[in-house]
2 protein chains.
Amino acid sequence: MGRPTIADIARQAGVSKGAVSFALNGRPGVSEATRARILRVAEEMNWRPHSAARALGGARADAVGLVIARPARTIGVEPFFSQLLSGLQAVLSASSVALHLMVVEDTAAEIEVYRRWASEHRVDGFILVDLQVRDPRLPVLDELGLPAVVLGGPGKGGNQLRIWADDREAMLSIVDYLAAIGHRRIAHLAGLPHFQHTQRRIRALRDASRRLGLEEAVSVPTDFSDAEGAAATRTLLSRPRRPTAIVYDSDVMAVAGLGVAGEMGVAVPGELSIVSFDDSVLARIVHPPLTALSRDTFALGEQVAHSLLEALDEAGPGRDLQMPTPRLTVRESTSPPPAG
Amino acid sequence: MGRPTIADIARQAGVSKGAVSFALNGRPGVSEATRARILRVAEEMNWRPHSAARALGGARADAVGLVIARPARTIGVEPFFSQLLSGLQAVLSASSVALHLMVVEDTAAEIEVYRRWASEHRVDGFILVDLQVRDPRLPVLDELGLPAVVLGGPGKGGNQLRIWADDREAMLSIVDYLAAIGHRRIAHLAGLPHFQHTQRRIRALRDASRRLGLEEAVSVPTDFSDAEGAAATRTLLSRPRRPTAIVYDSDVMAVAGLGVAGEMGVAVPGELSIVSFDDSVLARIVHPPLTALSRDTFALGEQVAHSLLEALDEAGPGRDLQMPTPRLTVRESTSPPPAG
DNA sequence: TGCCATAGCTAGACCGGTTTAGTAAGCCAG
DNA sequence: CTGGCTTACTAAACCGGTCTAGCTATGGCA
């Protein structure tokens with residue numbers, strides 16, 4: 001015989017299918033004695049629920065979806081995503097909720113996946129990353145009516161829960177630190193310009209520069225890849241009056257930039273200070289180890305998972321949840337600028 | 001009205017549910033005219049199949065499972081997994097097959113997940129990574145009767161398809177290269193000792209050392225983490241007669257080792273040559289860029305996905321599939337050893 | 001003309017659960 | 001003793017598909 005069904009258990013225990021269902025789901029309708037007997041039989045027969053059958057009745061799919069829209073080959077590098085995934089899994093696994101993961105090429109494809117998974121009842125909710133400026137995904141999620149947690153914010157509107165950290169404050173802490181040790185020409189290798197956090201960081205740098213009266217503070221948008229990070233660094237360092245400090249929006253770019261500096265014979269931190277906006281093992285294992293903004297991405301993943309599980313239980317209106325502002329970890333890639 | 005069902009379409013098109021099912025699945029039983037009409041109605045009503053309902057009838061779940069057994073916090077670092085994932089996704093997405101991903105703490109938990117997903121009809125097949133020496137997961141998979149693709153081999157027995165590259169030949173190419181440029185004392189920072197590929201690499205190094213008459217060739221097992229990579233490197237470099245070349249089983253460890261060398265004032269490649277068994281952006285962006293074995297992990301992922309999809313269609317007996325042997329990419333982290 | 005094969009379709013069982021309506025028995029109060 | 005209420009349970013509908021058995025109309029062929 002194949003996998004046992006509740007009908008098999010019912011027959012074995014001498015009760016009806018309904019009674020078995022009640023017993024297995026811990027709901028009233030059977031006596032304690034009968035419940036114990038049914039549970040014992042189910043245990044003996046090694047019964048497991050058939051998730052599809054459950055989902056058919058309109059119940060949970062016990063899965064949540066995460067769709068990442070980035071060119072497939074570039075995902076590999078970002079420790080951020082792997083860390084986030086790990087944190088998500090840690091919580092989801094504990095609740096026996098599976099994670100449906102998909103990597104697509106662009107936002108249009110991403111939205112298509114949301115529609116498909118929702119209509120196919122594959123998932124109970126979604127996790128959104130890389131919040132964009134006027135994000136076209138939000139209205140779609142509202143329309144689909146499934147709960148979602150959005151990484152990024154703060155923001156109004158929509159029924160999703162927003163989880164965010166204060167990028168502006170974080171950028172200010174970097175610039176304040178650099179200015180305090182004497183830097184007056186700071187460059188910023190930013191990420192994709194249509195991401196909300198990219199824009200917030202760029203604006204924060206500009207504001208801080210004005211307030212502190214810096215000589216120069218330029219933001220250069222990139223696609224987050226090591227290639228563009230390296231190329232932009234090369235351009236910056238080739239200028240006659242080059243910046244004395246560069247802030248990188250990701251650790252991958254920072255490490256690439258560090259490599260370019262070494263290659264061009266620019267000493268770090270002697271002639272150039274480097275700060276990474278993202279901390280990870282990557283930032284720690286290179287030499288010199290990078291001064292970086294430390295946030296606990298694993299914990300972020302855990303928080304996202306918790307919030308989503310909560311939202312699945314009681315669909316409330318969208319809320320905001322602020323994570324601690326990342327704190328600057330000073331390592332050996334920063335020092336006062338060269339004299340003169 | 002909620003989501004339209006085939007019953008709604010049937011009513012609208014004036015046919016029976018069965019006819020709709022035939023039409024939508026492209027099987028005989030309806031005339032071309034009727035089929036076209038049904039398809040048009042389905043299109044108009046924006047119908048999507050309910051995956052649970054399909055799965056209930058014994059059909060496909062249209063999902064495959066990947067379970068990774070490593071401590072959650074350490075996954076984040078390995079570019080290998082992210083690259084593999086990207087390759088998998090590229091192919092799976094194209095076939096509208098979802099990927100169920102789960103990270104667990106150990107092999108026992110991994111096996112438990114296999115059992116659960118199989119009995120819950122959540123997935124149609126599995127992908128196994130980190131093949132172990134006498135792998136306890138293989139008999140379980142045979143018992144569950146679901147197709148699987150195993151990364152690692154070659155191997156007999158089991159009904160799984162094995163996909164592997166020739167680790168032995170790869171290690172030999174590294175040692176031959178190092179010996180050819182004059183190295184006589186080579187160390188090897190290996191991975192977890194119960195992995196098959198770890199053992200094969202250790203054995204290959206020993207054999208090559210004997211054949212080439214090297215002065216020393218030692219393999220040190222680690223847990224793949226940057227911490228152990230750094231610690232073991234420190235120990236090796238502190239010895240009175242230290243190795244002139246170190247081969248690292250992963251790029252993360254190699255980069256960590258590079259950092260330790262820099263910190264201890266050991267010049268790379270002047271005094272120490274470094275080779276990474278895994279190539280990735282990581283190996284390229286550090287300075288000096290690392291000589292490494294290049295294999296296309298993304299392509300590996302694509303191949304795995306293709307093979308698994310094929311196995312889903314026609315469950316054949318287990319087979320072997322050999323990937324191209326990784327080729328050594330010489331960069332700037334290797335040179336002849338210091339004189340004397 | 002009569003018979004059979006076949007195309008084209010319908011009705012309904014079925015998958016494995018959940019859930020609702022209904023029923024029998026037990027208990028208590030009046 | 002009876003009516004009403006609760007408890008413990010059963011029977012059956014239901015979710016949205018797939019699939020098989022069977023029915024009807026048509027065409028081909030002897």
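Numbered from 1 within each chain, the chains take letters A, B, ... in sequence-line order. Note that these values count all heavy atoms, side chains included, but never hydrogens, waters or copies made by symmetry.
At D:dG16, none of the side-chain N or O atoms of B:Trp47 fall inside 4.0 Å of OP1 or OP2 (strictly under the cut-off). Checking the phosphate oxygens (OP1, OP2) of D:dG16, no side-chain nitrogen or oxygen of B:Thr5 falls inside 4.0 Å. Proximity of B:Arg54 to the phosphate of D:dG16: no side-chain N or O atom is located under 4.0 Å from OP1 or OP2.
Taking the side-chain hydrogen bond (donor to acceptor under 3.5 Å, both in side chains) definition, one finds that B:His50 meets it with A:His121, sequence neighbours left out. Not counting sequence neighbours, the partners of B:Arg115 by the side-chain hydrogen bond (donor to acceptor under 3.5 Å, both in side chains) test are B:Glu143. With sequence neighbours excluded, the residues forming a salt bridge (Lys or Arg N to Asp or Glu O under 4.0 Å) with A:Arg35 are A:Glu32, listed by chain and number. Partners of A:Thr107 under the side-chain hydrogen bond (donor to acceptor under 3.5 Å, both in side chains) rule, at least two apart in sequence or in another chain, are A:Gln132. Partners of A:Gln12 according to the side-chain hydrogen bond (donor to acceptor under 3.5 Å, both in side chains) rule, which considers only residues two or more places apart in sequence or in another chain, do not exist here. Applying the salt bridge (Lys or Arg N to Asp or Glu O under 4.0 Å) test to A:Asp124 and every residue at least two apart in sequence or in another chain returns nothing. The ring-ring contact (aromatic ring centres under 6.0 Å, His included) test applied to A:Tyr114 returns A:Phe126, not counting sequence neighbours. Legend: residues meeting salt bridge (Lys or Arg N to Asp or Glu O under 4.0 Å) with A:Asp62, ordered by chain and number and at least two apart, are absent.
For the pair B:Lys17 NZ and D:dT20 C1', the computed distance is 14 Å after rounding to whole Å. Between the CD1 atom of A:Ile6 and the P atom of D:dC9 there is a distance of 16 Å, rounded to whole Å.
One end of the helix from C:dT1-D:dA30 to C:dG30-D:dC1 points its axis 60° away from the other end's axis, with each axis taken from 5 pairs and the angle rounded to 10°.
Using a 4.5 Å heavy-atom threshold, the side chains of B:Leu300 and B:Leu151 count as touching. Put simply, the side chain of A:Leu128 does not reach to within 4.5 Å of the side chain of A:Gln160, judged on heavy atoms.
Pairs engaging residues 22-48 of chain B under the ring-ring contact (aromatic ring centres under 6.0 Å, His included) rule: none recorded [sequence neighbours left out].
Taking every nucleotide of DNA chain C with any atom under 4.0 Å from a non-hydrogen atom of chain A, the first and last of them, 5' to 3', are C:dG16 to C:dT20.
A:Arg48 comes within contact range of the sugar-phosphate backbone alone, with a heavy-atom separation under 4.0 Å but no base atom that close.
Taken residue by residue, residues 19-29 of chain A places heavy atoms nearer than 4.0 Å to DNA chain C at A:Ser21, A:Phe22, A:Asn25, A:Arg27.
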